[in-house]
Number of protein chains: 2
Amino acid sequence: MALEHAILVSLLEKPGSGYELARRFDRSIGYFWTATHQQIYRVLKRMESDGLLSVRGLPQQSRPDKKEYSVVGPGRAALSQWLHEPIEPESIRHELAVKIRGAAFDDPAVLIREVERHRQVHSDRLAHYLAGELRDFTGPTAPTALDAGQELQHVVLRGGIAYERMTVAWLDDVLATLRLLGTQHPHT
Amino acid sequence: MALEHAILVSLLEKPGSGYELARRFDRSIGYFWTATHQQIYRVLKRMESDGLLSVRGLPQQSRPDKKEYSVVGPGRAALSQWLHEPIEPESIRHELAVKIRGAAFDDPAVLIREVERHRQVHSDRLAHYLAGELRDFTGPTAPTALDAGQELQHVVLRGGIAYERMTVAWLDDVLATLRLLGTQHPHT
DNA sequence: CTTGGCTATGCAACGAGTTGCATATGAAGA
DNA sequence: TCTTCATATGCAACTCGTTGCATAGCCAAG
């Protein structure tokens, strides 16, 4: 139930509605944990009935009502307990890697476009992360004192940056390999 | 249904039983796609009834019977079709990153042991990959001619190596950050 | 001689995640 | 004016993935 914990972290960073959470899961926390709005609304409801969150109805002008969720005592305790539990080191699911191995049984050249497209996405993400880092951690608003929250968000962002950099470099390696095979085996 | 495709690739590389596939998903292809034996048996049954695979019962001495699956025509066609379809660039689910951000709301020091443990796992995986690379791709049995299958398996392995290297370096960064926060805030 | 481990397959139940659809309103643009 | 976009929430049905358990025989260690 890691979504529950991701929601606790996000709501502790800043209370918000299901809709707002859904948007955060499209950026920020979403770089490390994805979720759709359906999932979020369902889990929020359960967490509230379990007493981990409190809700506040915010009637809005010219908009549907908003339900703002905040973490309450038991929610904070649940997060703290989870932090003390060990978790399994991630096991990746890299569909593109499966495709690349599968390309041995077809024409490897069909993957070139696909890999180029992925490279573009990762390269864009890298640029986006770097811009965020400049804005939030090394710009004029640079952290004055050592703030734990800031430092931890920064180190996670550095992880994202390292991941995207590594991925772009690897996809270049993949492209070079595919092109080499293309010239050797014009079409198997 | 990417498991289906991962199974097609693995069975094209070498036919085998559900049990054998389950073990391959603990190594090799499993580095990029995980699956439990339950999932595998269930999907194999479906794929066979869909006509993508054929089965051969192999009675064995002093062992339960084995069912050896092979890819047949329609299976190969399904793989080929999948290779031509675009896939979504991976979205990561990095539970440890969520924990690190969550540590801002508790004592960051509680994560040190956990991060050290993860670092060890990734460092072991890296060593394992490097040994495999030496054995299969750069050793005395180095590829004579340019074999597409070999080259593609190698580039995927290089991706795994790059990933583990990057992760170990990042976890060192995380540890340094956690330790720094520990000395600054002896206990919030 | 019994316990545990390895091969080999599978059911049943549950929890997690996805997809399609539905509803309501106001603002901006064609 | 009509459509589309953005806010805001939710149900229902489905597939995917995990966990616990069951069976069955052989082998090796204690």
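All values reported here derive from a predicted model rather than from experimental measurement. Proteins come first, then strands; the chains are lettered A, B, ... in the order of their sequence lines, and each starts at number 1.
- Using modelled atom types, one finds a donor on one side chain and an acceptor on the other under 3.5 Å when comparing A:Gln81 with A:Glu85.
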Check: protein-nucleotides 14-16 of chain C nitrogen or oxygen pairs below 3.5 Å:
none

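- Contacts with DNA chain D (heavy atom under 4.0 Å) in residues 11-35 of chain B: none are found.
- For A:Arg117, the CZ atom sits in a packed shell: over 12 heavy atoms of surrounding residues, nucleotides or ligands are nearer than 6.0 Å.
- Distance, A:Glu48 CD to D:dG10 P: 10 Å, rounded to whole Å.
- The distance between atom CD of B:Glu90 and atom P of C:dG17, rounded to the nearest whole Å, is 17 Å.
- Using a 4.0 Å cut-off between charged nitrogen and carboxylate oxygen, B:Arg101 and A:Glu13 count as a salt-bridge pair.
- The interatomic distance linking B:Ile40 (CD1) with D:dT18 (P) rounds to 11 Å, in whole Å.
- In this structure a side-chain-to-backbone donor-acceptor pair under 3.5 Å is present from B:Thr177 to B:Asp173.
- Listed nucleotides: D:dG10, D:dT18, C:dA8. Nearest to the side chain of B:Lys66: C:dA8.
- If you take CD of B:Glu68 and C1' of C:dT7, they are 15 Å apart, rounded to a whole angstrom.
- Summarising the geometry, the separation between CG on A:Leu44 and P on D:dC11 is reported as 12 Å, rounded to the nearest angstrom.
- Taking atom CD1 of residue B:Ile7 and atom P of nucleotide D:dG17, one finds them 10 Å apart after rounding to whole Å.
- Aromatic ring centres of A:Trp170 and A:His94 lie closer together than 6.0 Å.
- B:Gln38 contributes no side-chain N or O that forms a donor-acceptor pair with the base of D:dG17 under 3.5 Å.
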Working for side-chain hydrogen bond (donor to acceptor under 3.5 Å, both in side chains), residues B:Ser70 and B:Arg56: CA-CA 8 Å; B:Ser70 316; B:Arg56 215 164 45 113; 5.7 Å; no
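- Checking B:Tyr41 against A:Leu3, the closest nucleotide of DNA chain C that is more toward the 5' end is the one next to B:Tyr41.
- A close approach under 4.0 Å does occur between a side-chain nitrogen or oxygen of B:Lys67 and OP1 or OP2 of C:dG10.
- Distance B:Glu95 CD to D:dT18 P: 13 Å, rounded to the nearest Å.
- In this pair, A:Phe137 and A:His154 present their aromatic rings parallel. The plane angle is below 30°, not in the 30 to 60° band.
- Atom CZ of B:Arg46 sits in a crowded spot, with more than 12 heavy atoms from other residues, nucleotides or ligands closer than 6.0 Å.
- As a whole-Å value, the separation of B:Asp50 CG from D:dT15 P is 12 Å.
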Criterion side-chain contact (heavy atoms from CB on, under 4.5 Å) on A:Tyr19 and A:Lys66, from CA distance to verdict: CA-CA 8 Å; A:Tyr19 188 82; A:Lys66 185 198 283 198; over 6 Å; no
